[in-house]
Each structure stands twice: as structure tokens, then as C-alpha cells.
**Q** 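Got a structure for you, written out below as C-alpha cells; questions coming shortly.
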Amino acid sequence: MRLVTWNVNSVRTRIDRVIGFLERSNTDVLAIQETKCRVDQFPYAPFEEAGYEVAVTGLNQWNGVALISRVGIENVRTQFEGQPAFAKPDQEPVVEPRAIGATCGGIDVWSLYVPNGRSITDPHYAYKLSFLTALAEQGRSRLADDPSADIALVGDWNVAPQDHDVWDIELFQDNLYVTDGERRALQSVVDAGFAEVTREHEPDQYTFWEYQQLRFPRNEGMRIDFQHFSPSLAGRVAHASIDRDERKGKGASDHVPVIVDIED
DNA sequence: ATGACATACAATGTATGA
């Protein structure tokens with residue numbers, strides 16, 4: 001089975017590129033992030049015409065995640081247990097649409113969009129850490145209940161775990177994406193039993209390049225999109241790759257697909 | 001060329017992102 005995660009930066013603007021990728025990539029399950037639309041605005045028809053089923057969550061123009069599957073999509077959950085809410089000043093806390101899970105081809109697949117954090121002093125930074133640690137806690141609990149569970153936590157993690165995951169670590173020193181706090185929070189997911197499975201097959205590839213300042217042609221990017229698998233599922237990984245070509249040309253997302261092939 | 005921010009919503013600018 002081929003499982004792909006991709007921050008598409010608006011599914012409505014990018015629909016032709018997303019369908020084109022699906023049709024040539026032999027993808028079975030596609031987890032997308034930053035769909036940037038409400039559920040009622042989601043372009044279901046092109047996916048269904050291509051032979052896929054769709055599960056979506058989205059409240060407004062921000063965030064939004066979805067699962068696209070041609071191997072079934074059951075037991076859909078639009079947030080994970082313990083997923084933190086965020087409260088804007090003088091407003092009720094909202095559990096933002098940043099996680100959707102479903103059973104696809106026997107695997108519990110989660111499409112995740114970890115909060116960016118904005119800056120280290122912003123309330124969104126603490127929100128980012130709590131999102132990651134709550135996810136780790138929930139994952140740990142799931143594996144305690146069933147150590148052989150097949151669970152895939154995939155998406156845009158907005159953390160660069162290693163120094164070479166950004167193009168110039170000097171420039172990023174003590175900046176968002178590379179702080180000890182963010183790296184520890186992401187590591188808590190790994191420590192809960194979820195190994196990152198793409199790096200060993202693609203050791204030196206970014207997944208994101210800013211639109212500005214010729215970042216892509218200069219290959220000044222970041223590696224922030226990952227797939228974390230439970231132990232039994234990690235043992236079935238045959239290969240992984242990053243489709244750098246998807247960043248090329250007019251109308252590209254700023255992220256590219258991160259692809260994992262899983263043995264049956 | 002792989003190429004010089006982009007998106008949504010509202011409005012002719014604002015919020016957000018990485």
C-alpha cells in the first residue's frame with residue numbers, strides 16, 4: 001500500500017495538481033493538510049471520479065485536513081482524544097480542524113497539521129507543544145492497549161528535528177522549528193513508540209520551500225513533513241521517497257508529497 | 001530553467017503561514 005502525506009495549501013486552488021498527482025503516483029491513501037475550506041466547500045467530486053473515498057474536517061478558511069482513500073475509509077474521527085483547543089482572546093476555546101483519522105486498508109491513518117507556533121513568545125507556541133505532547137500521550141495509550149496496532153501519524157509537523165533539516169542552521173538558531181522545546185515535543189511522539197520512517201530512505205531531502213526569495217531554485221528548504229508509524233507498521237515499510245518535482249512550476253504548493261510504501 | 005510570496009475572505013485591505 002502506498003501512503004502519502006502532503007500539505008496542499010488549499011485543496012480548491014490546487015485540485016488539478018492533487019488529482020494529477022493521484023493519477024500518476026499509484027497512491028492508495030493520501031493524507032492532506034491545509035485544505036483551507038469548510039466541509040461543504042470541499043471538492044469531493046474530482047476525488048470520487050478518480051475512484052477515491054473522502055473524509056474531511058474544516059471549519060473555515062484556516063487549517064483543515066482530509067483523508068483520500070481507495071482502500072476503504074471507516075471509523076472516521078475528526079479529532080484525537082485529548083486534542084487541545086485554542087482560545088483566542090475573549091473567545092471560547094476551539095478544537096481546530098488539525099487532525100482526522102480513519103481506518104484505511106487495515107491501518108489507522110491520521111492526517112495531522114501541527115500548529116505553526118508563530119513565534120516562541122506567542123500563545124500559539126505553547127499550543128504547538130501541547131498539541132504534540134497530547135498526541136504522544138494518546139499514541140502511548142493506544143499502544144499500551146494494543147501493542148500490535150497498525151497506526152500511521154502523518155502530516156505537517158512544523159518542526160525540523162535535525163540541524164540539517166533547515167538550509168542554514170545559523171540563520172535558524174533559537175528560531176521557530178528548531179527550538180529544544182519543539183524538538184522535545186516531537187521526540188515525545190517517537191518515544192511513545194512511533195518511529196519516523198521516511199528519513200532512512202530519503203536522508204537528505206527537504207519537504208518545504210518558502211515561496212519567497214527563490215528558496216526552491218536555491219534549494220533553501222526545510223524538512224518538516226514526516227510519517228511516524230507504530231512498531232508493527234514500521235516493520236512493514238518497504239521504501240519511502242519525497243516527490244521534489246511537485247514543487248516545480250506554476251501553482252505548486254510550498255510543500256511536496258512524502259511517500260511511503262507499505263508491504264501487505 | 002526548478003525562478004523572484006500565496007491563500008481566503010472581504011474589500012480595495014487583513015489574517016495567516018513557514
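To find a chain, count down the sequence lines: A is the first, B the second, and so on, and within it residues start at 1. This is a predicted model, so every value here is computed, not measured. The basis for the numbers below is simple: all heavy atoms, side chains too, and nothing from hydrogens, waters or symmetry mates.
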**Q** For A:Arg215 and B:dA6, give me the distance from atom CZ to atom P, rounded to whole Å.
**A**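 From A:Arg215 CZ to B:dA6 P: 14 Å.
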**Q** Going by side-chain contact (heavy atoms from CB on, under 4.5 Å), A:Phe229 matches just one of A:Leu153, A:Ile107, A:Val260, A:Ile151. Which one?
**A**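 Per the side-chain contact (heavy atoms from CB on, under 4.5 Å) rule, the option paired with A:Phe229 is A:Val260, out of A:Leu153, A:Ile107, A:Val260, A:Ile151.
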**Q** When you compare B:dA8 with B:dA4, how far apart are their C1' atoms, in angstrom units rounded to a whole number?
**A** 23 Å
**Q** Using the C1' atom as the reference point in each nucleotide, state the distance between B:dT7 and B:dA18 in Å, no decimals.
**A** 13 Å
**Q** Counting the atoms with a prime plus P, OP1 and OP2 as sugar-phosphate, which does A:Asp245 contact under 4.0 Å by heavy atoms, base, sugar-phosphate, or nothing?
**A**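 Touches nothing.
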**Q** For A:Arg12 and B:dC9, is the shortest distance between a side-chain N/O and OP1 or OP2 below 4.0 Å?
**A** yes
**Q** Taking only the P atom of each, what is the distance from B:dA15 to B:dA10 in whole angstrom?
**A**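 Straight-line distance between the two P atoms is 14 Å.
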**Q** If each of A:Gln212 and A:Thr13 is mapped to the nucleotide of DNA chain B with the nearest heavy atom, which maps nearer the 5' terminus, i.e. the 5' end?
**A** A:Gln212
**Q** Nearest nucleotide by nearest heavy atom, which residue falls closer to the 5' end of DNA chain B, A:Ser10 or A:Trp62?
**A** A:Ser10
**Q** B:dT7 P sits how many Å from A:Ile15 CD1, rounded?
**A**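 Taking atom P of B:dT7 as the reference, CD1 of A:Ile15 is at 14 Å.
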**Q** Between atom CD of A:Glu263 and atom CG of A:Leu233, what is the distance when rounded to the nearest 0.5 Å?
**A** 11.0 Å
**Q** Among A:Phe172, A:Phe208, A:Tyr206, find the residue that satisfies the side-chain contact (heavy atoms from CB on, under 4.5 Å) test when tested with A:Val166.
**A** A:Phe172
**Q** Nearest whole Å is fine: how far is B:dG3 P from A:Gln213 CD?
**A** 16 Å
**Q** Examine A:Phe131 together with A:Phe80 and report whether their ring centres are nearer than 6.0 Å.
**A**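 When the ring centroids of A:Phe131 and A:Phe80 are compared, they turn out to be within the sub-6.0 Å range.
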**Q** What's the closest nucleotide to the A:Tyr211 side chain, out of B:dC9, B:dG17, B:dT2?
**A**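 Nucleotide nearest to A:Tyr211's side chain: B:dG17.
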**Q** From B:dA4, B:dT2, B:dA18, pick the nucleotide closest to the side chain of A:Lys248?
**A**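 The listed nucleotide nearest to A:Lys248's side chain is B:dT2.
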**Q** Take the protein atom NE2 of A:His255 and the nucleotide atom C1' of B:dG17, then report the distance between them rounded to whole Å.
**A**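 Interatomic distance, NE2 of A:His255 to C1' of B:dG17: 8 Å.
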**Q** Roughly how many Å apart are B:dA11 and B:dT16, using the P atom of each and rounding to a whole number?
**A** 16 Å
**Q** Rounded to the nearest angstrom, tell me the gap between atom NZ in A:Lys250 and atom P in B:dA4.
**A** 9 Å
**Q** Quick check on A:Glu81: does its CD atom have over 12 non-hydrogen neighbours (other residues, nucleotides or ligands) under 6.0 Å away?
**A** no
**Q** Does B:dC9 have its OP1 or OP2 closer than 4.0 Å to a side-chain nitrogen or oxygen of A:Gln41?
**A**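 A:Gln41 to B:dC9 OP1/OP2: side-chain N or O found under 4.0 Å.
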**Q** Using OP1 and OP2 only, check whether a side-chain N or O of A:Arg14 sits under 4.0 Å from B:dA6.
**A** no
**Q** Can a side chain N or O of A:Arg118 be found less than 4.0 Å away from OP1 or OP2 on B:dT16?
**A**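 It does, given that an N or O in the side chain of A:Arg118 lies less than 4.0 Å from OP1 or OP2 of B:dT16.
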**Q** If you compare every side-chain N and O of A:Asn9 against the phosphate oxygens of B:dT7 (OP1, OP2), does one of them come in below 4.0 Å?
**A**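 Result: no.
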**Q** Nearest to the side chain of A:Leu214, which nucleotide is it out of B:dC9, B:dA18, B:dA4?
**A**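 My answer, after comparing the listed nucleotides, is B:dA4.
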**Q** Atom CZ of A:Phe208 and atom C1' of B:dT7: how far apart are they, to the nearest Å?
**A** 13 Å
**Q** Provide, to the nearest angstrom, the distance between the CZ atom belonging to A:Arg247 and the P atom belonging to B:dA6.
**A**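 Answer to the nearest Å: 9 Å.
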**Q** Within this structure, what is the CZ-CG distance for the pair A:Arg14 and A:Asn9, rounded to the nearest 0.5 Å?
**A**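 Atom-to-atom, A:Arg14:CZ and A:Asn9:CG are 5.0 Å apart.
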**Q** For A:Tyr113, which contact category applies under a 4.0 Å heavy-atom criterion: base, sugar-phosphate, or nothing?
**A**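 Result for A:Tyr113 = sugar-phosphate.
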